[in-house]
Amino acid sequence: MANQPALLSAHELTLSFGMHRVLDGATVAVYPEEKIGVVGRNGSGKTSLLRILGGEEAPDDGQVSRRNRLVVGYLSQEFTLLEDASVLENVRAGAADILSLIERYEGGQATSEQLTDLADEIEAVDGWNLDQRIETLFQKLNLPPKDRVVRYLSGGEKRRVALARALVAQPELLILDEPTNHLDTETINWLEDYLMAYRGACLFVTHDRYFLDRLATRIVEVAEGRCFTHEGNYGEYLEAKAVRQQQQQNTERKRQSFLRRELDWVRAGVKARTTKSRSRLDNFYVIKGKAAPTEELNVDLIIPEPPGLGNVVVEAKNVSIQLADSILFSGFNVVLESNTVTGVVGRNGLGKTTLLKLLMGELEPTEGTIKIGKRTLFNYVDQNRVALDPESTVIDEVSDQADMVQLGNEQVSVRGYLRRFLFTDERINTRVDLLSGGEKSRLMLAKILRRTGNVLILDEPTNDLDLPTLRLLEEALLGFQGSVIVVSHDRYFLDRVCDRIIAFEGNGYVHVSEGNYSYYVSKREERERAWKAQASASAKPGKRRSADRLPKLTWKEERELGAMEETILEAEGVVESLQEQLNDPNFYVERAGDVAKVTADLEAKRLEVAGLYERWETLEEKRKAFEGAKFY
């Protein structure tokens with residue numbers, strides 16, 4: 001596409017935060033229809049580059065050029081939604097320009113010539129199909145109900161709303177910062193297909209290696225403050241980078257060899273200060289002054305050797321869990337074993353985090369039993385990183401007031417331990433609330449992995465980790481001799497480490513499949529084909545299933561559905577009240593001892609609201625299926 005004019009280009013960008021130079025001469029261009037994956041270590045400047053290109057931030061120096069009237073859709077890592085507006089209003093805000101054109105067209109104030117021009121502009125941006133696109137986005141991205149107020153959504157729900165807002169206008173250029181975060185695998189697959197067919201250009205940062213491999217036509221690596229371009233997808237980029245690094249190493253070896261020879265000559269002294277000898281000496285100092293290639297540091301992930309597990313690790317038998325009047329899942333059975341990794345997948349809101357709390361004994365099942373072995377010791381990495389104190393420092397979070405860290409049979413200093421997670425001596429006294437998302441993830445891993453435990457539970461550990469750190473985490477988990485449970489939507493990660501998949505498939509059904517994620521998907525497709533074949537064989541050609549063969553709402557379910565709206569509004573009112581308490585600064589002064597309880601009550605009530613909406617959708621689907629069948 002380089003033979004076409006660039007949609008957007010940046011030349012010699014520089015950006016510093018204090019003494020830290022993030023971008024140092026970064027140059028990049030985006031051409032029509034390109035799909036560019038941006039990769040690099042945490043802190044390398046990927047997000048800063050995207051913010052500058054998206055017009056959200058200005059560089060210290062350098063130039064950004066955009067094609068005239070270029071429309072850009074931007075998804076940032078930070079939420080920039082209208083907090084007090086509804087979900088639908090936020091999504092429609094992403095198509096404000098299109099809505100303005102339609103309003104002017106329908107306003108009755110334009111001349112016939114202006115109406116023709118407006119109609120052409122609306123047609124060019126596919127504006128007449130805007131409502132249809134919005135409906136598709138609500139369905140495919142599993143967005144919350146349209147009238148929900150954004151302020152009371154979870155972080156994952158807000159993320160999906162922000163993504164829909166970026167996609168809805170079908171801009172000429174999409175800039176997406178971690179678009180797959182908080183998306184389930186089914187939605188990620190849809191997003192891949194959508195962007196593959198998308199006629200505009202796309203610049204995106206993601207840790208999802210399958211997403212990168214399938215979508216990217218070019219990889220831009222941000223390193224040492226600059227941009228390095230590699231044609232092809234992520235796999236081809238890795239091959240090209242290995243060649244580049246090998247060439248750099250060869251060049252550096254030759255430089256060091258030259259310097260050793262010349263240093264001997266310099267030390268021997270120069271008897272005759274001839275022009276030739278002075279030239280040779282000048283050349284020595286020029287080559288000596290060249291910088292060596294920057295060494296890439298890797299996180300040194302070490303999981304301490306776990307205490308031995310007993311015959312029983314965790315056993316769940318016929319487990320059901322009900323929150324309010326909603327049954328999240330029922331009839332669940334699983335036996336955890338040592339030296340295994342169990343992956344947990346499924347759409348958001350179906351009960352994955354609830355399952356973790358059940359297996360750890362933090363929640364009691366409504367039905368069934370959870371048996372936890374006497375020698376079982378849990379380590380839990382929370383999805384929201386709430387175990388980190390935002391006002392604490394990096395070193396205080398890990399040290400526990402000790403100078404040394406015990407790693408199995410080895411003792412290392414706290415500072416040395418933090419260096420393994422790429423925290424420099426200057427960075428270890430930084431407050432947690434000033435860390436980047438990737439740094440918080442590394443700190444949480446450092447904090448949790450130093451503890452003794454034989455059952456490691458990771459809730460979305462791949463969010464905010466860079467790709468090299470992800471590979472090291474995979475290696476560490478594969479070598480762990482305890483038992484691991486991991487909730488993740490990263491398909492590559494699940495394929496690499498998992499021996500078993502627990503899949504939440506909807507309508508309260510949880511399926512347990514031995515093998516990795518790809519094996520589970522293949523078996524699920526086989527099951528779906530078998531179900532369709534069975535349904536086709538049992539149904540008469542040309543007729544739908546009659547109403548008397550479909551389950552009807554019971555009298556109790558009808559009453560429940562009728563009261564559901566009032567129940568949801570009441571629960572949301574409690575959420576709002578609790579949130580107002582936590583937003584009030586005086587609350588932390590007057591009732592400091594109640595903060596933990598109110599926070600826990602708020603999370604429980606939010607979970608209840610999510611369960612109520614899930615139950616409402618289930619009952620509505622059942623009612624609609626029965627009512628629709630009565631007409632056949």
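Index from 1, following the sequence.
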Any chance CD of Glu83 has more than 12 other-residue heavy atoms, nucleotides or ligands included, within less than 6.0 Å?
-> yes

Note to self: Using side chain to side chain contact (heavy atoms under 4.5 Å, CB included), reason through Val512 and Arg500 one step at a time and then give a plain yes or no.
What the structure shows: CA-CA 7 Å; Val512 179; Arg500 176 196 291 127; 3.7 Å; yes

For Ala95 and Leu130 the tightest heavy-atom approach is CB-CD1, 3.8 Å

Is there a side-chain contact between His489 and Glu460, using heavy atoms and a 4.5 Å cut-off?
yes

Taken in chain and number order and not counting sequence neighbours, the residues that satisfy salt bridge (Lys or Arg N to Asp or Glu O under 4.0 Å) with Arg496 are Glu474, Glu475

Sorted by chain and residue number, the side-chain contact (heavy atoms from CB on, under 4.5 Å) partners of Glu231 (sequence neighbours excluded) come out as Arg218, Thr229

Side chains of Glu236 and His230: is there a donor and an acceptor less than 3.5 Å apart? no

query = Are any non-hydrogen side-chain atoms of Val150 and Lys158 less than 4.5 angstrom apart?
reply = yes

Exercise. Tell me, yes or no, whether the heavy-atom count around Glu315 atom CD, taken from other residues, nucleotides or ligands under 6.0 Å, exceeds 12.
Key: yes

Would Phe211 and Leu195 satisfy side chain to side chain contact (heavy atoms under 4.5 Å, CB included), going step by step from the backbone distance to the final call? CA-CA 10 Å; Phe211 192 89; Leu195 293 177; 3.8 Å; yes

So CD1 of Ile134 and CG of Asn129: to nearest 0.5 Å the spacing works out to 11.5 Å

Between the CG atom in Leu359 and the CD1 atom in Ile502, the distance rounded to the nearest 0.5 Å is 6.5 Å

Exercise. Under the 3.5 angstrom rule, does the side chain of Asn90 hit a backbone N or O of Leu82 as a donor-acceptor pair?
Worked result: yes

Exercise for the section: Please report the C-alpha distance between Ile98 and Arg133 in whole Å, then the side-chain angles of each, then the deciding distance to 0.1 Å, and finally whether the side chain to side chain contact (heavy atoms under 4.5 Å, CB included) criterion is met. Expected result: CA-CA 13 Å; Ile98 297 176; Arg133 286 205 301 279; 3.8 Å; yes

message: Could you walk me through whether Gln77 and Thr47 satisfy the side-chain hydrogen bond (donor to acceptor under 3.5 Å, both in side chains) test, starting with their C-alpha distance in whole Å, then the side-chain angles of each, then the deciding distance to 0.1 Å, before giving a yes or no?
response: CA-CA 8 Å; Gln77 285 197 27; Thr47 292; 3.1 Å; yes

Sequence neighbours excluded, the answer for side-chain contact (heavy atoms from CB on, under 4.5 Å) partners of Val341 is Val484, Val486, Val497, Cys498, Asp499

Residue set satisfying side-chain contact (heavy atoms from CB on, under 4.5 Å) with Arg199, at least two apart, ordered chain then number -> none

In this structure, CG of Leu212 is separated from CD of Glu192 (nearest 0.5 Å) by 9.5 Å

Notebook entry, point to check: Between Asn233 and Arg214, is any pair of side-chain heavy atoms under 4.5 Å apart?
Noted result: no

When every non-hydrogen atom of Ala216 is compared with those of Gly37, the smallest separation belongs to CB-N, 4.1 Å

In terms of heavy-atom contacts, Pro179 and Leu191 come closest through CB-CD2, 4.1 Å

Practice item. Apply side-chain hydrogen bond (donor to acceptor under 3.5 Å, both in side chains) to the pair Tyr492 and Asp213, showing each step before the final yes or no. Key: CA-CA 11 Å; Tyr492 187 97; Asp213 250 353; over 6 Å; no

Here the pair of heavy atoms bringing Lys146 nearest to Ser86 is O-CB, 3.4 Å

Quiz item: Are Val455 and Val313 close enough that some pair of their side-chain heavy atoms sits under 4.5 Å apart?
Solution: yes

Between Val30 and Ala201 the two heavy atoms that sit nearest each other are CG1-CB, 4.0 Å

**Asked** Is the backbone of Asn142 close enough, under 3.5 Å, to the side chain of Arg160 for a donor and an acceptor to pair up by distance?
**Response** yes

- So Phe329 and Phe332, would you call those rings parallel, tilted or perpendicular, with 30° and 60° as cut-offs? perpendicular

In this structure, CG of Leu203 is separated from CG of Leu49 (nearest 0.5 Å) by 7.0 Å

Q: Using modelled atom types only, decide if a donor and an acceptor are shared between the side chain of Lys352 and the backbone of Gly346 within a distance under 3.5 Å.
A: yes

Tested for side-chain hydrogen bond (donor to acceptor under 3.5 Å, both in side chains) against Thr180, the lone hit among Asp490, Thr185, Thr206 is Thr206

Sorted by chain and number, sequence neighbours left out, side-chain hydrogen bond (donor to acceptor under 3.5 Å, both in side chains) with Thr187 holds for Asp184

Here the gap from Asp177 atom CG to Leu50 atom CG, rounded to the nearest 0.5 Å, amounts to 5.5 Å

For Ser76 and Arg159 the tightest heavy-atom approach is O-NH1, 2.6 Å

Arg527 meets the salt bridge (Lys or Arg N to Asp or Glu O under 4.0 Å) criterion, sequence neighbours left out, with Glu505

Practice task
Check the pair Arg151, Asp84 against side chain to side chain contact (heavy atoms under 4.5 Å, CB included), reporting the backbone distance first and the verdict last.
Solution key: CA-CA 6 Å; Arg151 181 177 300 279; Asp84 294 318; 2.8 Å; yes

- Query: Would you say the side chain of Val72 lies within less than 4.5 Å of the side chain of Leu7, judging by non-hydrogen atoms?
  - Reply: no

Across all chains, not counting sequence neighbours, the salt bridge (Lys or Arg N to Asp or Glu O under 4.0 Å) partners of Asp147 are none

With sequence neighbours left out, the residues meeting side-chain hydrogen bond (donor to acceptor under 3.5 Å, both in side chains) with Asn189 are Arg491

Applied to residues 129-171, the ring-ring contact (aromatic ring centres under 6.0 Å, His included) test, sequence neighbours excluded, yields none

Those residues at least two apart in sequence (or on a different chain) that pass ring pair (Phe, Tyr, Trp, His ring centres under 6.0 Å) with Phe378 are none

- Message: Does Tyr509 have more than 12 heavy atoms from other residues, nucleotides or ligands lying within 6.0 Å of its OH?
- Response: yes

Self-check item: Heavy-atom side-chain proximity of His207 to Asn181 below 4.5 angstrom
Solution: yes

To the nearest 0.5 Å, atom OH of Tyr74 lies from atom CG of Leu176 at 10.0 Å

Side chain proximity check, Ile485 to Leu355, heavy atoms < 4.5 angstrom: no

Practice prompt. Give a yes or no answer on whether the side chain of Lys357 reaches the backbone of Glu364 with a donor-acceptor pair at less than 3.5 Å.
Written response: no

Backbone of Lys35 reached by a side-chain donor or acceptor of Thr217 within 3.5 Å: yes

Contacts of Leu350 meeting side-chain contact (heavy atoms from CB on, under 4.5 Å) (sequence neighbours excluded), chain-then-number -> Arg347, Phe504, Glu614

Pairwise side-chain contact, Lys523 with His511, heavy-atom cut-off 4.5 Å (strictly under): no

Salt bridge (Lys or Arg N to Asp or Glu O under 4.0 Å) filter on Asp97, not counting sequence neighbours, yields none

